[in-house]
Amino acid sequence: MTSAVDPRYELPRDWPTTEAEAVALQERTRASVVVGGEVPEPGTGTGAVVGVDVAYDDEHDLVAAAAVALDARSLAVVAEATAVGRVSFPYVPGLLAFREIPAVLDALGDLDRRLGRRPDLVVCDGYGLAHPRRFGLASHLGVLTGLPTIGVAKNPFGFRHADPGPRRGDWSPLLDGAEEVGRALRTRDAVKPLFVSIGHRVTIADACAYTLHLARDFRQPETTRRADALCRRALKAATL
DNA sequence: GCGACAG
DNA sequence: ATCTTGTCGC
């Protein structure tokens, strides 16, 4: 007998309600992250690369998530899915996953059914291992779904980094003390770098290679741009 | 106690 | 994240 809903896209029963529970869950789940693995070379895969993002309307207590699948080679949009729900957790630095993942899982599960297969890679807006407890949004989503994930953020959070060279592709280590937790990666010549980190089942080199491939025309990856536009539209539609 | 702080 | 007009430039 086949279950109607894939359990890999369901919220765990022990999903936290308080900050203390959330931190404790991160501490005991961080060991499940897999660093390294094989994903198809950027641009040569025959599968789909998925971008996820979330938008909020705190006035109406609404949250809208979007998951957009792009053809790994052409970057053309092949499938889209959205999910709307109630905001269930406040924004707390270090606990972003608990605010975004519920809606993201819903959208991702729907997208999987529409695609008819699992994505090659999921690109998240935020961090993976570059996190106070090495378990940011991208890593958490990866562990829950079992999918390869990466985190691409627009800000360095509290981490240190030297300014990368001026050209697209130039990068410098993102450091938490002496530990390298990710990379500051320049995706466009003379434009502010992005901050890339491993989510789950990928190497940092592949994470950066994919980010560059997806950010061919703009500073941000095409996956993130499409997902961002879609979740904003879904939020407006839900508000009206 | 003060400041910093992904989205 | 979100509140927000025009404006400079490709």
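For the numbers below, each heavy atom of this structure counts, side chains included, while hydrogens, waters and symmetry mates do not. Chain naming here is simple, since letters A, B, ... match the order of the sequence lines and numbering starts at 1 in each. Nothing here was measured: the structure is a model prediction, and the numbers come from that model.
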query = Touch check for A/A130, heavy atoms < 4.0 angstrom, all strands: base, sugar-phosphate only, or nothing?
reply = nothing

d(CG, A/D217; P, C/dC10) in whole Å = 17 Å

inquiry  = Under 3.5 Å, is there a donor on one side chain and an acceptor on the other for A/R133 and A/Q26?
reply    = yes

ask   = Checking side chain to side chain contact (heavy atoms under 4.5 Å, CB included) against A/V50, which of A/T149, A/L147, A/L108 comes through?
value = A/L108

ask   = For A/F98 and C/dA1, what is the distance between atoms CZ and P respectively, to the nearest whole Å?
value = 20 Å

message = Does this structure show an ion pair linking A/R186 with A/D163, if we count only N-O contacts that are shorter than 4.0 Å?
response = yes

key: A/Y210-A/E41 side chain donor-acceptor pair, cut-off 3.5 Å   = no

message = Donor-acceptor check, side chain of A/S139 to backbone of A/G199, threshold 3.5 angstrom: yes or no?
response = yes

remark   = A/L235 atom CG is separated from C/dT2 atom P, nearest whole Å, by 7 Å

ask   = Just how far, in rounded Å, is P of C/dA1 from CG of A/D228?
value = 7 Å

query = When you list every nucleotide of DNA chain B with an atom under 4.0 Å from a heavy atom of chain A, which one comes first 5' to 3', and which comes last?
reply = B/dC5 to B/dG7

query = Contact class for A/L174 (heavy atom, under 4.0 Å): base, sugar-phosphate, or nothing?
reply = nothing

Value in whole Å for how far the C1' atom of C/dC3 lies from OH of A/Y56 = 17 Å

query = A/G94 near the nucleic acid: base, sugar-phosphate alone, or nothing, with a heavy-atom cut-off under 4.0 Å?
reply = base

task = Would you mind checking if A/K154 and A/D125 are paired as a salt bridge, meaning a charged N to carboxylate O distance below 4.0 Å?
result = yes

